[in-house]
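Have a look at the structure below before the remarks.
Note that the numbering runs from 1 along the sequence shown for the chain.
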Amino acid sequence: MQRLLKPNEVAQIDERLHDNALLQTCRKVWRRRGIEVTSVVACAEDIFCEAAWLTDELIEAGKETEASNLTLGLWNDVSNDVAKWENKIPLTDRYLIVSTVFQIVATAFSLHWDSHYCDDLRDALIETENKYRDEHPPKDLYALQEQQRHQDALLEVIIPCSVILKRWINDYIDNPDLWLTEEIDMALNPPINIKAGKKESRKADKKVFDADTFRETFNYQPDGMSNKEREIRLKMAFNKMRGILIDRETHYDTFKSLFTGKPLDVKIVWIGTNAQLRKLFNLLITKNKLISKPTGGLNQILTARFKKVDGSSFTTNEIKDAGNDGDMSVVNDVVEYLTPIPVQMEDLEQQLSRIVLEEQERADLRGDKNGKPQKHLPKGTNSSPTPNQHTRKSKK
């Protein structure tokens, strides 16, 4: 959060999440670590909110995202949040707070059975902190010794919490009822639901996600891109995906409406793999930042906007645990087509014409000119143009 919690908000979080293992760990750690931070009066619940946000971001990013690139950006995000808690928080105190958040989350992930969490993400979290320390070395030997003492003291408190963290993190990643960030939001904004003079149980307050009523779409509006270029790039992506990732009967206007950011009820038939679906939009949101991050969460919006070939809906777990199967080169091509680069409009239109022609050639090979069910092309039949290579400017 970009501000400190108010006393009543702290009480609301404690009431709803008092048994949560991550919150209990934050309490024990901050009881020891908090006295070392002198420039801001933060509580364990403030640390918990940051740790919960970091945990959810790492899980939602999926296994296909490069862990080191992801954690480096998240370090800066948490640090920027902390900087807004109070005016002029010194870098030393900000480091202590962010380091605490990262160490807690790294310890939790290290206890999960999946190597993506216990090895890749844990190592990336630790390496990110080490990189920050290398880039901001202490000014003298005493400061260096103090920094090491802080680290040793932090681990002494976190490690004994491993038992409760292990049970919690495995259950949370594998079978989440609600994201922690959603739980916190519901705690801070409780629904008014009174029955017989008493509030209903916390379990009854939980929101149940319904893909059939969820209407959010993606907002594809890159800075500086003209409406004409946006239209051409969406058509390039559409024709590349048609018959490979999405059903060939999909109309362009339906596909285009998916990227307006406006409420939509239509579902598009996805014929690619679950892994291709998650990776495509994860790259567009997290790595390349070409579309705005959905407020409802990536898994939720994908289950709401896409359906299987048989007409049934995806579940959030099917998206979250998609794996890595499927040809990802077509996914990378779509991302490149949607990425704005300096180019003559005439060249862009010629590239679109080639992509449209190749899509029709693929349809002729399959014999599905009239929109019959498609099958993936054999290897070697995909002759789409290689996207323009360029250096992307990183955006925050």
Would you call Glu231-Lys256 a salt bridge at under 4.0 Å N-O?
-> yes
Anything under 30° is parallel, anything over 60° is perpendicular, the rest tilted; go ahead and classify Phe218 against Phe281.
-> parallel
Please tell me if the side chains of Cys49 and Leu5 come closer than 4.5 Å, counting only heavy atoms from C-beta onward.
-> yes
Spell out, as yes or no, whether a donor-acceptor pair under 3.5 Å connects the side chain of Asn80 to the backbone of Asn76.
-> yes
How would you list, by chain and number, every residue that makes a side-chain contact (heavy atoms from CB on, under 4.5 Å) with Thr315, sequence neighbours excluded?
-> Asn317, Glu318
Looking only at heavy atoms, the pair that brings Val331 and Leu280 closest together is CG1-CA, 3.6 Å
Give me the one residue out of Phe259, Phe255, Tyr220, Tyr337 that meets ring-ring contact (aromatic ring centres under 6.0 Å, His included) with Phe238.
-> Phe255
Kindly indicate whether the side chain of Trp53, heavy atoms from C-beta on, has any atom under 4.5 Å from the side chain of Trp179.
-> no
Give a yes or no answer on whether the side chain of Gln276 reaches the backbone of Asp327 with a donor-acceptor pair at less than 3.5 Å.
-> yes
Examine distances only and state if a side-chain atom of Trp168 and a backbone atom of Asp171 form a donor-acceptor pair shorter than 3.5 Å.
-> no
Compute whether any side-chain donor of one residue and acceptor of the other, for Gln360 and Asp364, lie under 3.5 angstrom apart.
-> yes
Ionic contact status for Glu349 with Lys228, cut-off 4.0 Å | yes
When you measure from the side chain of Asp247 to the backbone N and O of Val309, does any donor-acceptor pair fall under 3.5 Å?
-> no
Look only at the side chain of His112 and the backbone of Asp114, and say whether a donor-acceptor pair between them is shorter than 3.5 Å.
-> yes
If only atom types and distance count, is the side chain of Asp93 paired as donor or acceptor with the main-chain N or O of Ser39 below 3.5 Å?
-> yes
Minimum heavy-atom separation for Lys267 to Phe306, with atom names?
-> CD-O, 4.0 Å
Minimal heavy-atom distance between Trp113 and Cys118, with the atoms involved, is O-SG, 4.5 Å
For Val356, all residues meeting side-chain contact (heavy atoms from CB on, under 4.5 Å), sequence neighbours excluded | Asn239, Leu352
So, does Asn274 use its side chain to make a donor-acceptor pair with the main chain of Ile319 at under 3.5 Å?
-> no
Determine yes or no for a side-chain-to-main-chain donor-acceptor pair under 3.5 angstrom, with Arg242 supplying the side chain and Arg248 the backbone.
-> yes
Check salt bridge (charged side-chain N to carboxylate O under 4.0 Å, His left out) between Arg27 and all other residues, then give those that pass, not counting sequence neighbours.
-> Asp14, Glu45
For a side-chain contact (heavy atoms from CB on, under 4.5 Å) with Ile164, tell me which candidate from Asp19, Asn20, Thr25 qualifies.
-> Thr25
How long is the gap from CG on Leu17 to CG on Leu22, to the nearest 0.5 Å?
-> 9.5 Å
Greater than 12 external heavy atoms within 6.0 Å of Asn130's CG | yes
Regarding Glu129 and Gln103, is there a side-chain donor-to-acceptor distance under 3.5 Å anywhere?
-> yes
Are there more than 12 heavy atoms of other residues, nucleotides or ligands under 6.0 Å from atom NZ of Lys131?
-> no
